[in-house]
Amino acid sequence: MKFKSVVVSVALATALLAGCGAKEAEEKKEVQTPPAAQEQKAEQVDVVTTASLVNEEAAFLKAISKDGTWIVCTLEDMKIDKELVLEGEFHNKNDAAQPLYRKLALYAQDADHKVTARYTLTAPKLTIKSPNAKIQGGTFKGDVYVEANGFIVQDAKIEGNVYFANEEFKSTFKTEKEGTVTGTTEVKQ
């Protein structure tokens, strides 16, 4: 099963790299491509290139930074011995017309959006500074400190505590689709 995950991960990474190269080629052909086709191609490429698929610590840390991406997808279990900070303001699918949104996807899925693997991210502490941030599909082991509105745990587990910087942040917190927190959820300054 692990071999299959590695093969799928390599294939997905290869497809993304090919997509990134294709974007550059498409930009050079823009004048010759009909506008409707340009928009459709740009949408397809932008959605792919704005996600960070990561399996190394340095790439993960960059992806969750304020200069990172709106969605960060892990490709395997990861253990990072540093405190993590998810920060910056991003929009859903990097579309400024969409609401602010940030997603830490700890899972893999097939073309039909069926979850095919769940991953565990372990760190001593994760601070959420991005508004409307979501942890989805896997497990975070460690404590989470929330310093923004709209934090969601969806179809995921936090094995640790969730601490909120104030009552407002706590009041906008949700668990969805069997999201769980094994520890306490409380305001702690």
Side-chain angles (χ1 to χ4, degrees), residues 1-21 23 45-94 100-110 115-148 150-165 169 179-183 188:
M1 183 67 167
K2 196 158 190 131
F3 176 74
K4 184 177 180 183
S5 294
V6 171
V7 171
V8 170
S9 297
V10 170
L12 185 56
T14 302
L16 283 175
L17 290 174
C20 292
K23 181 178 179 182
V45 172
D46 286 346
V47 170
V48 172
T49 60
T50 57
S52 272
L53 301 172
V54 296
N55 62 355
E56 295 178 351
E57 182 176 320
F60 180 83
L61 294 173
K62 182 178 180 185
I64 66 170
S65 76
K66 65 182 179 182
D67 299 318
T69 56
W70 72 276
I71 183 171
V72 180
C73 306
T74 58
L75 297 172
E76 60 188 30
D77 293 342
M78 296 181 71
K79 183 175 183 180
I80 300 175
D81 294 327
K82 300 177 183 179
E83 294 183 2
L84 307 175
V85 179
L86 183 70
E87 63 184 326
E89 291 189 355
F90 295 84
H91 295 273
N92 191 9
K93 296 184 174 77
N94 263 1
L100 290 173
Y101 180 69
R102 195 87 189 266
K103 183 175 175 179
L104 183 53
L106 303 176
Y107 64 98
Q109 65 184 6
D110 63 17
V115 174
T116 57
R118 294 177 187 273
Y119 306 116
T120 299
L121 171 63
T122 304
K125 177 180 179 181
L126 169 61
T127 301
I128 305 290
K129 292 186 175 185
S130 292
N132 302 321
K134 177 190 293 188
I135 294 177
Q136 183 174 339
T139 300
F140 176 75
K141 288 186 178 182
D143 290 335
V144 178
Y145 289 76
V146 180
E147 298 179 7
F151 177 56
I152 297 172
V153 178
Q154 180 179 317
D155 186 31
K157 181 191 291 186
I158 294 178
E159 290 184 6
N161 301 308
V162 178
Y163 298 114
F164 301 90
F169 298 152
T180 61
V181 176
T182 62
K188 181 178 179 180

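Remember, predicted model here, so these are calculated numbers, not experimental data. All values below were derived from every heavy atom in this structure, side-chain atoms included, with hydrogens, water molecules and symmetry-related copies excluded.
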Which pairs with one or both residues in residues 129-148 pass ring pair (Phe, Tyr, Trp, His ring centres under 6.0 Å), sequence neighbours excluded?
Y145-Y163
Test log, rule side chain to side chain contact (heavy atoms under 4.5 Å, CB included), inputs H91 and W70
CA-CA 7 Å; H91 295 273; W70 72 276; over 6 Å; no
Taking side chain to side chain donor-acceptor pair (under 3.5 Å) as the test, write out the residues that go with [X], two or more places apart.
{"X": "E56", "value": "none"}
{"X": "Q136", "value": "K103, Y107"}
{"X": "S130", "value": "R102"}
{"X": "E89", "value": "none"}

Non-neighbouring partners of F151 that pass ring-ring contact (aromatic ring centres under 6.0 Å, His included), sequence neighbours left out:
F173
Kindly compute the distance separating [atom1] ([X]) from [atom2] ([Y]), expressed to the nearest 0.5 Å.
{"X": "D77", "Y": "T139", "atom1": "CG", "atom2": "OG1", "answer": "8.5 Å"}
{"X": "N92", "Y": "K134", "atom1": "CG", "atom2": "NZ", "answer": "8.5 Å"}
{"X": "F90", "Y": "Y101", "atom1": "CZ", "atom2": "OH", "answer": "13.5 Å"}
{"X": "I64", "Y": "I128", "atom1": "CD1", "atom2": "CD1", "answer": "8.5 Å"}
{"X": "E147", "Y": "F169", "atom1": "CD", "atom2": "CZ", "answer": "7.5 Å"}

Identify each donor-acceptor pair in which a side-chain atom of residues 80-87 lies under 3.5 Å from a protein atom, sequence neighbours left out, and give them as a table.
from : atom 1 : to  : atom 2 : distance (Å)
K82  : NZ     : E57 : OE2    : 3.4

[X]: partners by side chain to side chain contact (heavy atoms under 4.5 Å, CB included), with sequence neighbours left out:
{"X": "S65", "result": "D67"}
{"X": "D110", "result": "D112, K114, T116"}
{"X": "T182", "result": "K157, E159"}

Name all residues meeting the salt bridge (charged side-chain N to carboxylate O under 4.0 Å, His left out) criterion together with D143; count only those two or more places apart in sequence or in a different chain, and write none if there are none.
none
Among L104, L121, L53, L106, find the one that has a side-chain contact (heavy atoms from CB on, under 4.5 Å) with V72.
L104
Is a side-chain N or O of S52 found less than 3.5 angstrom from the main chain of V54, in a donor-acceptor match?
no
Taking every heavy atom of N132 against every heavy atom of L100, the minimum-distance pair comes out as ND2-O, 3.0 Å
Ignoring hydrogens, what is the shortest heavy-atom contact between P131 and G88? Give both atom names and the distance.
CD-O, 4.0 Å
Evaluation steps, side chain to side chain contact (heavy atoms under 4.5 Å, CB included), between T120 and M78:
CA-CA 6 Å; T120 299; M78 296 181 71; over 6 Å; no
For the residue pair F164 and K188, establish whether any side-chain heavy-atom pair is separated by less than 4.5 Å.
no
With a 4.5 Å heavy-atom cut-off, do N55 and T74 have their side chains touching?
no
